[in-house]
K.L.:
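So that we are looking at the same thing, I have put the structure below in structure tokens.
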Number of protein chains: 2
Amino acid sequence: MPSAAGKAEKSARTRRPRGSINPADIIAGAFDFYRDTPIEQWSIPQLATHLDVGVTSIYWYFRTKRELVAAMTEAALASFYERMPPLRGEGWEELLRNFFLDFHRLLAADDLACDLIVRQIGVPGDDLLGGDPVARNWPRAQELFAALEAAGLPAALAQHAFFTLSVYTQGFLLVERKGRSAPSAASPGDDLEFGITNILRGLRPLLAPTEEGRGVA
Amino acid sequence: MPSAAGKAEKSARTRRPRGSINPADIIAGAFDFYRDTPIEQWSIPQLATHLDVGVTSIYWYFRTKRELVAAMTEAALASFYERMPPLRGEGWEELLRNFFLDFHRLLAADDLACDLIVRQIGVPGDDLLGGDPVARNWPRAQELFAALEAAGLPAALAQHAFFTLSVYTQGFLLVERKGRSAPSAASPGDDLEFGITNILRGLRPLLAPTEEGRGVA
DNA sequence: ACCTGAACACCGTTCAAGT
DNA sequence: ACCTGAACACCGTTCAAGT
């Protein structure tokens with residue numbers, strides 16, 4: 001029955017009014033639609049169908065796919081910032097430990113955010129993002145620096161500590177993610193705590209270098 | 001002049017004899033061709049043209065693009081293993097420090113190898129690779145473990161040390177690579193040495209926990 | 001100013017052969 | 001057993017409109 005065609009589905013969608021989509025809706029819809037899909041498999045036409053808009057409407061707000069992914073990275077980052085719990089712990093060691101345990105917990109629970117923020121997948125050769133997002137001006141990190149200084153850790157040392165622990169935690173997330181599908185010989189286990197504790201123990205003598213009782217020498 | 005067509009370039013290539021390509025040639029050609037191209041921009045048809053073979057010949061040896069990329073990762077890993085210099089240094093601390101400085105130097109100098117091995121880009125959701133390649137049975141690492149034991153570092157502690165330093169170094173490579181295009185506030189600088197030294201200093205008291213003169217308590 | 005489908009030059013992959 | 005071009009269903013992106 002070729003011409004009867006009860007379901008002539010072509011262009012079933014009605015035209016949307018102006019202002020009925022905006023960048024925020026597109027980004028939110030993309031997070032919803034792609035939460036469990038590896039980034040290589042994303043497709044703008046498919047996203048358009050999911051959002052019930054024409055493909056070209058997405059291109060009105062984001063000139064390329066990379067630009068959309070970059071915007072999603074910014075959004076994931078903002079959400080991550082917001083969800084970081086308040087500082088907790090007594091003394092600089094506990095403050096740092098809890099900060100990076102929270103850091104890890106939030107990103108380990110969200111593969112998409114981890115891919116966007118830590119692995120920075122899908123934004124190749126980019127000038128769209130300004131380098132490592134984690135290291136950028138981050139209000140919560142400023143809070144932490146203030147608290148560390150109040151707890152007696154000099155500013156220079158606090159920066160070293162932050163950078164070292166940030167690098168370690170991101171490396172841990174990366175290795176953890178790689179080992180997900182096929183756990184190999186050396187599995188992470190709960191070694192994150194070991195690594196953090198060890199780094200903190202290494203920092204300790206830098207704060208009080210004359211603790212062994214040998215005088216100021 | 002529609003029909004004269006002095007340069008009818010269609011199918012200018014002559015048919016290749018059987019056995020004139022093999023997986024190794026394809027992988028080698030891919031490294032040559034793609035050394036400076038972000039992986040998202042790779043194209044099998046273009047690679048075929050570069051290798052002067054039909055597209056389908058590549059698909060005879062690699063059933064999907066992912067399979068080819070996985071094979072390239074294995075190859076990059078083998079080359080990395082080979083290029084790691086011999087162990088050097090006196091005592092476990094120097095052995096570990098030099099090992100991971102070499103580790104970093106080799107991968108920092110080769111973006112493609114770093115993407116394949118450390119970031120594991122282009123092999124999404126894979127069972128093709130067995131988790132983190134770095135952590136897999138690696139002859140040079142076995143050597144290192146033997147040398148560490150000979151230098152007085154207990155096996156259990158050596159494994160912790162290796163894992164922690166491996167995670168840190170990979171995190172460093174990742175952050176370094178992210179910060180490449182647009183250097184942000186906290187730049188790595190030569191902080192790799194700081195981080196490694198700090199981790200080693202943290203490990204030290206685990207080896208000789210009674211060094212402060214307080215007895216075995 | 002915003003929304004749209006059809007069109008373009010590709011892509012990964014398969015088909016249906018050729019030798 | 002290996003090599004092949006043409007074909008298929010897609011993709012990212014642009015064109016040329018519609019309102």
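Small disclaimer: the values here were computed from a predicted structure and weren't measured. Below, read A as the first sequence line, B as the second, and so on, with proteins coming before strands; counting in each chain starts at 1. Hydrogens, waters and symmetry mates play no part in the numbers below; they use all other heavy atoms, side chains included.
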K.L.:
Scan nucleotides 10-17 of chain C nucleotide by nucleotide, 5' to 3', and note B when protein non-hydrogen atoms come under 4.0 Å of the base, S if they reach only the sugar-phosphate, - if neither.
P.N.:
-SSBBB--

K.L.:
Going by side chain to side chain contact (heavy atoms under 4.5 Å, CB included), name the residues that satisfy it together with A/Thr37, two or more places apart in sequence or in a different chain.
P.N.:
A/Tyr34, A/Gln41, A/Trp42

K.L.:
In whole angstroms, how far is the P atom of D/dC3 from the CZ atom of B/Phe62?
P.N.:
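After rounding, the gap between these two atoms is 12 Å.
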
K.L.:
Per the side-chain contact (heavy atoms from CB on, under 4.5 Å) rule, which among A/Thr169, A/Val175, A/Val167 passes with B/Val167?
P.N.:
A/Val175

K.L.:
Starting at CG of B/Leu51 and ending at P of D/dC3, how long is that distance when rounded to a whole Å?
P.N.:
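That distance rounds to 12 Å.
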
K.L.:
Do A/Asn198 side-chain atoms and B/Ile199 backbone N/O form a donor-acceptor pair below 3.5 Å?
P.N.:
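Such a contact is found between A/Asn198 side chain and B/Ile199 backbone.
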
K.L.:
Listed by chain and number, what are the ring pair (Phe, Tyr, Trp, His ring centres under 6.0 Å) partners of A/Phe31, not counting sequence neighbours?
P.N.:
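Ring pair (Phe, Tyr, Trp, His ring centres under 6.0 Å) check on A/Phe31 returns nothing, list empty.
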
K.L.:
Holding to side chain to side chain contact (heavy atoms under 4.5 Å, CB included), I want the full list of residues that pass it with A/Ser79, two or more places apart in sequence or in another chain.
P.N.:
A/Arg83

K.L.:
Using a 4.0 Å heavy-atom cut-off, does A/Tyr61 contact any base of the nucleic acid, only the sugar-phosphate backbone, or nothing at all?
P.N.:
sugar-phosphate

K.L.:
Does the B/Thr64 side chain pair with the main chain of B/Glu67, one donor and one acceptor, at a distance under 3.5 Å?
P.N.:
yes

K.L.:
Sequence neighbours left out, what passes salt bridge (charged side-chain N to carboxylate O under 4.0 Å, His left out) with A/Asp52? Give chain and number order.
P.N.:
A/Arg13

K.L.:
Pairing of DNA chain C as dot-bracket, 5' to 3': ( ) intra-strand, [ ] crossing, | other strand, . unpaired, with Watson-Crick or G-U pairs under 3.5 Å?
P.N.:
||.|||||...|||||.||

K.L.:
Before accepting this row, confirm whether a basic side-chain N of the pair A/Glu93/A/Arg201 lies closer than 4.0 Å to the acidic partner's carboxylate O.
P.N.:
no

